[in-house]
Protein chains: 2
Amino acid sequence: MDQPSRSAGTVRPGGRTARVRAAVMEATQDELVEHGFHGLTMDQVAARAGVGKTTVYRRWGSRAGLVTDLMTELANQSTPHADTGDVEEDLRANALSVLGAITDGRLGATFQAVIAAATCDEQAAGALRVFYLRRIEEWAGVVDLAVKRGELPEGTDGGEVIRAISAPLYYRLVITREPVTRADAERSVARTLAAARAGAFVMPETAP
Amino acid sequence: MDQPSRSAGTVRPGGRTARVRAAVMEATQDELVEHGFHGLTMDQVAARAGVGKTTVYRRWGSRAGLVTDLMTELANQSTPHADTGDVEEDLRANALSVLGAITDGRLGATFQAVIAAATCDEQAAGALRVFYLRRIEEWAGVVDLAVKRGELPEGTDGGEVIRAISAPLYYRLVITREPVTRADAERSVARTLAAARAGAFVMPETAP
DNA sequence: TCCTTAATGGAATTGAAGTTCCGTTAAAAT
DNA sequence: ATTTTAACGGAACTTCAATTCCATTAAGGA
């Protein structure tokens with residue numbers, strides 16, 4: 001068979017190839033919004049994009065390949081962290097951004113699809129991990145700044161704080177499947193901040 | 001076709017029917033451990049259980065039906081919450097129990113499978129929600145006791161505390177897909193407790 | 001013990017997802 | 001403008017999960 005394949009679309013990326021890619025990505029998102037990841041079929045995507053299904057298989061290989069590509073695209077659009085001069089405000093901005101990514105119609109459907117895809121595909125799981133670890137690293141900066149300003153204890157682990165902010169939201173989304181609201185986001189910020197101020201995010205020294 | 005079906009196996013639940021059920025549940029778990037939810041097929045389960053696949057389809061309807069049944073069985077085996085007289089100990093017991101459910105070979109594979117199933121099936125999602133909401137309600141008791149003992153502020157929301165304990169563990173498991181360790185469980189307890197002591201889990205009064 | 005029928009299981013059928021074949025189209029180089 | 005060949009796309013083919021059919025087995029009541 002043709003490879004699942006990073007070879008197609010790289011040598012002549014102009015004109016037609018680019019149009020095909022755009023149409024397929026667009027169609028994939030539309031299908032995700034309407035049917036979710038489990039209802040996504042290569043056939044439907046191809047038809048909707050007005051493209052031969054051979055092409056979709058050749059360039060993306062599988063449903064997971066499609067959502068992985070979509071995720072990679074989102075990763076490149078990610079914005080730098082907030083910097084309002086106040087940790088609480090910055091963390092709130094982060095929480096609301098996560099809330100949006102989860103609940104927002106088109107974007108939310110895409111994220112939820114990638115999460116679903118990650119439960120059954122290594123490639124999608126990898127893309128998801130890379131996306132979030134980058135994002136965590138980026139936003140950890142607001143904690144470092146807060147420490148420098150003396151708002152939080154010396155040694156507070158920024159990455160862990162950022163994880164703690166979004167964890168309850170994803171818990172509701174994936175595990176208990178309760179609605180995720182703005183109030184949940186606000187509460188998460190308040191609780192994480194309380195713990196951080198109490199020094200619960202100060203990591204023990206590991207270096208000699 | 002036959003219904004997906006709650007009618008079969010209910011009128012004559014003795015002898016053969018019970019044996020078939022036990023064999024199928026056993027085989028389902030084995031298959032989940034080896035191939036995960038996405039690699040679970042009705043065919044394989046039937047073969048492994050030494051049972052006609054018609055029977056599996058008739059009684060469980062789909063892969064999601066199988067894992068849902070498994071989940072329901074686990075729900076009935078759930079144990080009462082700890083009561084050591086010390087919130088920290090009790091919450092640690094909860095965190096370690098969650099950790100075990102996630103990482104333990106056979107049990108962990110089953111839970112992860114149900115979580116995966118829930119991303120693409122309403123029935124499985126419902127079973128998952130019921131399971132966790134029950135569990136949360138059960139363990140919320142340790143917080144109520146702690147409040148009575150004066151260890152935590154009056155009005156602390158037990159359900160929210162319990163959710164906060166496990167949220168970071170599931171976040172690592174499902175979203176960033178990092179290994180989940182005992183240290184993560186301990187940290188989660190420490191942080192949640194710090195926030196709780198600071199009153200961050202006291203819910204605003206809603207009654208007049 | 002015998003009878004009724006619930007429940008099972010082997011085998012054939014269906015159908016949709018995935019794959020391959022090969023001719024056609026159009027980038028990009030000359 | 002011409003040539004080369006990357007990339008596309010229609011259609012036939014393959015594969016395997018899901019479904020249906022019907023004969024067989026054995027619970028549970030008389």
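In the text below, chain A, chain B and the rest are named by the order of the sequence lines, each starting its count at 1.
When the nucleotides D:dG9, C:dG10, C:dA27 are ranked by their closest atom to the side chain of A:V51, D:dG9 comes out on top. Checking C:dA27, D:dT19, C:dT19 against every side-chain atom of B:Y57, the shortest atom distance belongs to D:dT19. The side chain of B:V20 sits closest to C:dT8 out of D:dA18, C:dA17, C:dT8. Relative to the side chain of A:T54, the nucleotides D:dG10, C:dA11, C:dA6 differ in distance, and D:dG10 lies closest. Closest to the side chain of A:T17, from the set D:dC8, D:dT25, D:dG10, is D:dC8. The B:R59 side chain lies nearest to C:dT8 when the options are C:dG9, D:dA27, C:dT8.
Distance, B:E31 CD to D:dA17 P: 11 Å, rounded to whole Å. To the nearest angstrom, C1' of C:dT19 lies 11 Å from CE of A:M42. The CH2 atom of A:W60 sits 16 Å away from the P atom of C:dT19 (whole-angstrom rounding). Summarising the geometry, the separation between CZ on B:R21 and P on C:dA7 is reported as 14 Å, rounded to the nearest angstrom. Rounded to whole Å, atom P of D:dC21 lies 15 Å from atom NZ of B:K53. In this entry the distance linking CG of B:D43 with C1' of C:dA11 reads 13 Å, nearest Å. Taking atom CZ of A:R63 as the reference point, atom P of C:dT19 lies 13 Å away to the nearest angstrom. Rounded to whole angstrom, the span from the CZ atom of B:R19 across to the P atom of C:dA6 amounts to 19 Å.
If you check distances only, the side chain of A:S62 never reaches the base of C:dG18 with a donor-acceptor pair under 3.5 Å. Put simply, the side chain of A:R58 and the base of D:dG9 share a donor and an acceptor less than 3.5 Å apart.
Between A:T55 and D:dG9 there is a side-chain polar atom (N or O) within less than 4.0 angstrom of OP1 or OP2.
Classified by interplanar angle (parallel below 30°, tilted 30° to 60°, perpendicular above 60°), the ring pair B:Y171/A:Y132 is perpendicular.
No side-chain N or O of B:R135 forms a donor-acceptor pair with one of B:S166 less than 3.5 Å apart. A side-chain donor from one of A:T181 and A:D184 sits under 3.5 Å from a side-chain acceptor of the other.
With rounding to the nearest 0.5 Å, the separation of CZ in A:R92 from CD1 in A:I165 is 10.0 Å.
A centroid separation of 6.0 Å or more is found between the aromatic rings of A:Y170 and A:F111.
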